[in-house]
Structure formats: C-alpha cells, structure tokens
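When a residue number appears, it is its place in the shown sequence, counting from 1. In listed order, ligands and their atoms are each counted from 1.
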Amino acid sequence: MSQVFVLDTNKQALNPVHPPRARWLLTSGKAAVFKRFPFTIILKTAIEQPEVHSLRNKIDPGSQATGLALVNDATGQVVFAAQLQHRGQAIKKALDGRRAVRRGRRQRKTRYRKPRFANRKRRDGWLPPSLASRIANIVTWVQRLRRVAPITAISQELVKFDLPQMATPEIAGVQYQQGTLYGYEVREYLLEKWNRQCAYCGAQQIPLQVEHIQAKTNGGTSRISNLCLACEPCNTAKGKQDVRTFLAKQPEVLKRLLAQAKAPLRDASAVNTTRWHLCQRLQALGLPVELGSGGLTKFNRVTRGLDKTHWLDASCVGQSTPEVLHVKGVSPLLITATGHGCRHMCNVNEIGFPCSKPKGAKKVKGFQTGDMVRAVVTSGTRQGIYSGRVLIRATGSFDITTKQGRVEGISHRFCTPIHRLDGYSYAIGASHAEHPTQSAR
Ligand SMILES: [Zn+2]
C-alpha cells in the first residue's frame with residue numbers, strides 16, 4: 001500500500017508513514033482519520049518545528065489520464081501514486097448536447113428574439129472546456145496533495161521530444177543506438193515522424209531500426225534529417241547503397257522519402273498547448289517546476305526496469321529522478337473525475353423537451369449522488385459489504401458502484417458515508433509487484 005499522510009493537530013503536513021505505523025497511531029488513540037481519499041490521519045498533538053523530508057510531486061499529463069507520484073528524491077521512495085482519469089469527453093458530449101438543444105429551440109416557431117451571436121469574445125489564453133477541465137483536475141490535485149504532504153517541488157513532462165538537444169548531435173555524441181538518452185529522444189521522434197512504419201516498404205508492427213538515408217560510409221551525418229526508420233530486410237538490402245540507387249525502381253517512394261526527411265515534425269515537437277497552460281498554472285503555485293521531455297521519461301523508466309503505467313511514468317519525469325526508485329508495494333489511488341452533477345431542473349428528451357417530473361432533492365436521508373459510502377447489508381438477498389460511489393433515489397433505495405460493478409437496491413439504512421462528494425470517485429489500484437517485468441516499448 002502507499003504510505004499514509006499525516007497532519008498534526010494544526011493541519012501542518014508531516015512525513016507520511018507506513019500503514020502499520022498509522023494503524024498503531026489510530027488504535028492507540030494518538031490520531032484520528034482526517035480523510036479517506038487520499039488516506040490522511042490527524043494527530044491529536046501539535047508538533048513544534050517538525051523535521052520533514054521534502055517530497056517532489058511528479059506529473060505525467062495525458063489526454064485521458066494523468067499520472068501523479070510523490071517521490072522522495074533523497075531516498076528514491078515513491079511515497080504516493082495516483083492515476084487521475086479526466087472527463088474531457090463527457091464535457092464535450094454535454095456541451096454538444098446543449099448546443100443541439102439550443103439550436104433546435106432557435107429553429108422552432110417561437111417569439112422573435114434579436115440575434116445575439118456576434119457579441120461574444122474569447123479572452124486570451126482561452127481553452128476549450130474539455131481541455132480546461134483537464135488542467136483544473138491536475139491543479140486541484142497538486143493543491144490537495146500539498147495540503148497533506150510536505151511538497152517542495154514539482155516535475156512536469158512538458159514536451160514529447162527535446163529538440164534543442166537533438167539539433168546538435170555533435171554535442172550529444174553520435175550515439176543514435178538504443179540505450180542512451182539521446183537515442184531515446186531520437187527514436188521516439190523518428191517513430192512519430194515516420195508514422196511507426198518502415199520508410200522503404202511501409203511495414204508496420206515490426207521492430208524498426210534507425211537507418212541513415214545517406215550511409216555514414218558515404219559521408220552521411222547523424223543529423224535528424226538524415227535518419228529514418230527501416231525494417232531489418234530493407235536495412236540489410238540497402239546497405240551502403242545510395243538511396244537513389246536503392247529506390248531507382250520506385251521513384252514515387254523515393255520522392256516521398258526525400259520530402260518527408262526534410263520536413264520538420266512541427267506539431268509533435270512543439271509544446272502541446274494544454275501542457276503549456278498547465279505549466280503556467282503550476283508555476284503560479286509558487287513551487288519550483290522542473291520540466292522534462294517524453295524521451296527522458298521513457299529513458300528513465302526503461303533504465304530503472306519499470307512497467308509502463310501512468311503513475312510509473314510520472315515517477316520517472318525529469319532529470320531529478322533518483323537512480324533507484326522504490327516502488328515495491330505501492331498501489332496507486334485511481335481517481336476518476338465525475339463532476340458535481342448537472343443543473344437540469346428536469347430531464348429532457350432528444351429534442352430538448354421536458355420529459356420527466358422535476359428532479360427531486362439533491363440529498364436523500366443525508367446522502368447525495370457521488371458520496372463514497374460503505375454499506376454493510378445484514379439481511380435480504382444483497383447480504384454483504386459494499387463500498388463505492390452511491391447513486392441516490394428519493395425512495396431511499398440506493399445503487400452503489402463498486403470496483404466489481406454496480407449493486408442496485410441498497411437501503412440507506414445500511415450505508416455509512418466515508419467520503420463526501422468532491423467531484424471525484426475513488427478506487428485503489430493493484431499494488432506493484434516485487435519484480436516488475438521489463439517492458440519492450
Ligand atoms: Zn521495409
């Protein structure tokens with residue numbers, strides 16, 4: 001299990017402790033549970049001048065999910081890990097639905113309304129709501145973690161490739177082989193640029209080798225514009241030949257290859273807008289922000305023999321990554337952004353016409369949809385213990401979404417709230433095995 005966050009009675013963040021220690025503090029009455037997600041306990045005493053080990057919050061932002069990790073740089077211990085699932089698609093769907101309903105309403109025969117479509121402005125730095133929500137999710141979690149753990153620095157993966165470093169292969173040495181950081185950056189870049197296929201025959205899903213378009217023996221350089229990817233048969237067949245000789249019978253392939261080699265990979269190399277916005281928001285938090293590239297993350301992860309998951313990627317972001325990362329037994333907190341419900345007064349049908357009674361009260365018997373609850377059902381067909389996100393009904397018969405699936409018809413009498421709705425739902429992921437398997441790519 002991940003470590004447990006500890007606060008003193010003044011809500012000052014102390015060093016996280018291992019679960020047995022936390023259990024002892026709780027059973028001996030020295031502490032109480034402060035929060036379930038992430039699990040935090042609060043001591044009943046104040047600690048003057050506590051000795052805390054600073055932690056680094058590492059972030060690997062993704063479009064669907066973001067990896068978060070708290071790493072002690074001095075010891076290499078991953079103290080806490082989480083995978084944050086975003087709701088960009090849900091937001092887009094809701095806005096598309098709203099747009100369709102409004103458009104439908106405008107087309108219907110209703111009283112005349114002045115057109116009002118050219119009176120809106122987008123401020124500078126506007127982002128689509130789906131992207132803005134991703135950034136807001138991450139900033140929220142950085143701030144939440146900061147409240148319970150002594151975080152003194154942030155690392156964020158900003159770019160896919162470190163282009164300035166690649167532009168000067170002479171400085172980095174001409175080691176384009178696997179196994180060096182430079183090699184990783186170059187390989188990732190080439191895979192993206194050549195669409196993960198052999199530049200000569202278009203073969204996919206096979207191991208590809210880095211290939212010099214103009215062979216080194218003929219004076220070819222290791223500049224990125226002279227490199228492409230080839231499958232082993234093509235690479236061997238071409239050998240030292242000039243590319244024009246090799247592709248003499250396929251002029252169209254030659255033409256495409258030469259054009260593609262010269263073209264820089266603008267989109268992928270440029271900083272992704274969302275990540276850049278995130279970087280600015282993180283810098284505004286007042287902590288030092290370290291930036292890393294995707295190639296560096298992968299290099300760090302593979303050299304430390306770790307699997308590819310969001311939270312392990314996050315642990316490997318940036319130059320500051322310790323030589324040895326202790327991840328044994330860490331189970332990530334799976335966080336899913338769920339929002340806070342919608343503002344519909346009642347449900348509407350596909351053309352936006354009210355089709356139900358007004359929605360009931362938001363709270364029933366002290367519960368609201370989205371609360372995390374634990375239900376101990378002692379009688380009836382649903383006997384058992386369930387914990388998860390609750391969906392309320394006015395009748396008092398609730399549904400609970402557990403890790404195994406949804407359980408219907410649980411009476412409110414059996415439910416105890418463990419964490420009130422805060423816009424996210426939670427589950428605990430599988431703990432990390434002792435001997436991680438080496439991942440290929
Ligand atoms: Zn090929």
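Side-chain rings of Phe80 and Phe5 approach one another, their centers coming within less than 6.0 Å.
Listed for the Thr303 side chain is a donor-acceptor partner under 3.5 Å among the backbone atoms of Phe299. The main-chain N or O of Thr152 is never found under 3.5 Å from a side-chain atom of Ser54 such that the two would form a donor-acceptor pair.
Salt-bridge annotation for Asp307 and Arg301: absent, with no side-chain N of the basic residue lying under 4.0 Å from a carboxylate O of the acidic one.
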Let me have the donor-acceptor pairs involving side chains of residues 67-76, under 3.5 Å, with sequence neighbours excluded, atom names and distances please.
{"from": "Asn72", "atom 1": "OD1", "to": "Ala74", "atom 2": "N", "distance (Å)": "3.0"}
{"from": "Asp73", "atom 1": "OD2", "to": "Arg56", "atom 2": "NE", "distance (Å)": "2.7"}
{"from": "Thr75", "atom 1": "OG1", "to": "Gln77", "atom 2": "N", "distance (Å)": "3.3"}

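Excluding waters, the protein N/O/S atoms found under 2.8 Å from the Zn ion (ligand 1) are Cys198 SG, Cys201 SG, Cys231 SG, Cys234 SG.
A heavy-atom distance below 4.5 Å is found between the side chains of Leu247 and Tyr200.
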